[in-house]
Number of protein chains: 2
Amino acid sequence: MNEGVEWATHTCLNLAWLGDERAVPAARLAAFYELPAAYLNKQLQALARAGILTSVSGPRGGFRLAKAPDQVTLMDVVTAIDGPDPAFRCTEIRLRGGSSSGTTRYRTPCAIDTAMRKAELAWRRELAAQTLADVMTTVEATNPGVPDKVRRWFDDTH
Amino acid sequence: MNEGVEWATHTCLNLAWLGDERAVPAARLAAFYELPAAYLNKQLQALARAGILTSVSGPRGGFRLAKAPDQVTLMDVVTAIDGPDPAFRCTEIRLRGGSSSGTTRYRTPCAIDTAMRKAELAWRRELAAQTLADVMTTVEATNPGVPDKVRRWFDDTH
DNA sequence: GGCAAACTACTCGGATATCCGGTGTCCGAGTCATCATGG
DNA sequence: CCATGATGACTCGGACACCGGATATCCGAGTAGTTTGCC
C-alpha cells in the first residue's frame, strides 16, 4: 500500500482535533511529523479532490476537514490516496493461449477473481466500518493527553 | 498486488486438475496461458520454497502440487508470491517531529495501525478460508468441461 | 543378450538487465492581508 | 479618522526529475534418459 496513506490518516486526525475553525498550511502539517512538505501537499490535494478536506489558498489558507470526523471512514482516506482500483486485478488469462482458443465461452466470471474480490470486500467493509471519530476515541482512551498536546503544538509559532 | 499472484493461482489450479502423478515443466505451464516462461518459472520457484509445489530437475522433471488441493489456501499462494509483509506498514511517524520530542511515551500501539491491521486481518481470514479445492468445486459447477479440457491440452504434444 | 559407462538433452535455480509507478521536488496561478495614500 | 487602491507575501495546484522494486530474460548446475561399447 502507498506510504502516503499513513501520513494522510495521521494528518486527518490532527485536523480533526484542531477543529474546522481555521485552516492549516501543508507545510505546518508536514513539520509536525518532519515530513517532506511538498510531497504531503500532494496527498492533501488528493484528499481535497475526494471531498475529505477543503483547501483555501492565500495567506491564512491551508487545509481543514470538510466533514465531521464521524462522517469520514478509513476507507474514504485509503481510496483517496491509494486509488479506487482493487489490489487484485483479473486479466482474464483463462481466455489466452491454446486452452480456450475459440472453443469454450466462459459465461461466468473467473472463480479466482471472485474469491479474491470476496476477500477484498471484507477488507473494504472493515475499513468502511471505522471512522476518524472511532480512531479519535481510541486514542483519547489510551493517551488522553494527546489531543491537547496537538492543539498546543499547532497554536505555538515555530 | 503482484501480477504473478494471478498466474500462480491459475497454474496451481491446473496442476490440481492434472493430479500429482506427473511433473509439468514451467515452459508447458506457461504455454497454456501464453505467459513468459522464465518469469513464470520465478513464481513457481517461490511456490516451491513455500512448500506448495515440489520441483524435479532434469528430463521428465517439472512441478507438481505438494499437498492435496484442500490443504492449500489462497492465503498460502498470495503469501508465497507477494511476500509476508502487511500491506499497511506503520512507520511510527507519531514518534517523529517536535510533537513527541522526549515528552510523551506511547505505551499503546498506534491506533491507526491497529485499525488497518484489523481490516487486513479480515482480508487474510477470507483468503485463508478458501482452498484450491473450493475454487475447483466452483469452476466445475459453472464450467463442467474445463477440467477435462485442461487434462487433454496437457496430454497433447505441442 | 545383458550390463555398465559415457553422453546428451532437458529442467530447475539463481544471477542479471529493463521498465514503470511511487517518491520527491520545484515553480507558477490565485488569493487574502497589509500598507500606503488621499479625502 | 476612514475608505480605497496597490502591493506583497503566502498558499495551493499541477508539472517536472529521480529511484527502487516489480517485470522480464538469460545462462550455469544438476539430473534422468538414451545410446554405445564391451563382456
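The sequence lines fix the lettering, A, B, ..., with proteins before strands; numbering per chain opens at 1.
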Rounded to whole angstrom units, what separation is found between the [atom1] atom of [X] and the [atom2] atom of [N]?
X: B:Leu29; N: C:dC12; atom1: CG; atom2: C1'; value: 13 Å
X: A:Arg64; N: D:dT11; atom1: CZ; atom2: C1'; value: 13 Å
X: A:Leu35; N: C:dT23; atom1: CG; atom2: P; value: 13 Å
X: B:Ile81; N: D:dA22; atom1: CD1; atom2: P; value: 12 Å
X: B:Trp7; N: D:dA22; atom1: CH2; atom2: P; value: 14 Å
X: A:Met1; N: D:dG21; atom1: CE; atom2: C1'; value: 18 Å
X: A:Leu40; N: D:dT11; atom1: CG; atom2: C1'; value: 14 Å
X: B:Arg22; N: D:dA32; atom1: CZ; atom2: C1'; value: 18 Å

Once the angle between the rings of A:Phe32 and A:Phe154 is folded into 0 to 90°, is it parallel (under 30°), tilted (30 to 60°) or perpendicular (over 60°)?
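Taking A:Phe154 first and then A:Phe32, their aromatic rings lie parallel (interplane angle under 30°).
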Out of curiosity, A:Leu29 CG to A:Leu15 CG, how far, rounded to the nearest 0.5 Å?
5.0 Å
Spatial distance of atom CZ (A:Arg49) from atom CG (A:Leu44) [nearest 0.5 Å]
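Reported value, rounded in 0.5 Å steps: 11.0 Å.
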With respect to the side chain of A:Glu3, which nucleotide from D:dC12, C:dT23, C:dT11 is positioned closest?
C:dT23
Using the side-chain heavy atoms of B:Asn41, tell me which of these nucleotides is nearest: C:dC26, C:dC12, D:dG13.
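Ranking C:dC26, C:dC12, D:dG13 by closest atom to the B:Asn41 side chain puts C:dC12 first.
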Quick check on DNA chain C: between B:Phe63 and B:Lys42, whose nearest nucleotide comes earlier from the 5' end?
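Between the two, 5'-proximity favours B:Phe63.
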Is there a salt bridge (Lys or Arg N to Asp or Glu O under 4.0 Å) between A:Arg152 and A:Asp155? Walk through the geometry before answering.
CA-CA 5 Å; A:Arg152 275 198 301 274; A:Asp155 283 338; over 6 Å; no
Under 4.0 angstrom, heavy atoms only, what part of the nucleic acid is B:Ala27 near: base, sugar-phosphate, or nothing?
nothing
Numerically ordered, the residues 43-61 of chain A set in heavy-atom contact under 4.0 Å with DNA chain C is A:Gly58, A:Pro59, A:Arg60
Does D:dT25 have its OP1 or OP2 closer than 4.0 Å to a side-chain nitrogen or oxygen of B:Tyr39?
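So the side-chain polar atoms of B:Tyr39 never come under 4.0 Å of the phosphate oxygens OP1 or OP2 of D:dT25.
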Partners of A:Arg64 by side chain to side chain donor-acceptor pair (under 3.5 Å), sequence neighbours excluded?
none
Is there a path of hydrophobic side-chain contacts, each under 4.5 Å between heavy atoms of I/L/V/M/F/W/Y residues, joining B:Leu40 to A:Leu95?
yes
Do other residues, nucleotides or ligands put more than 12 heavy atoms under 6.0 Å from the NZ atom of B:Lys118?
no
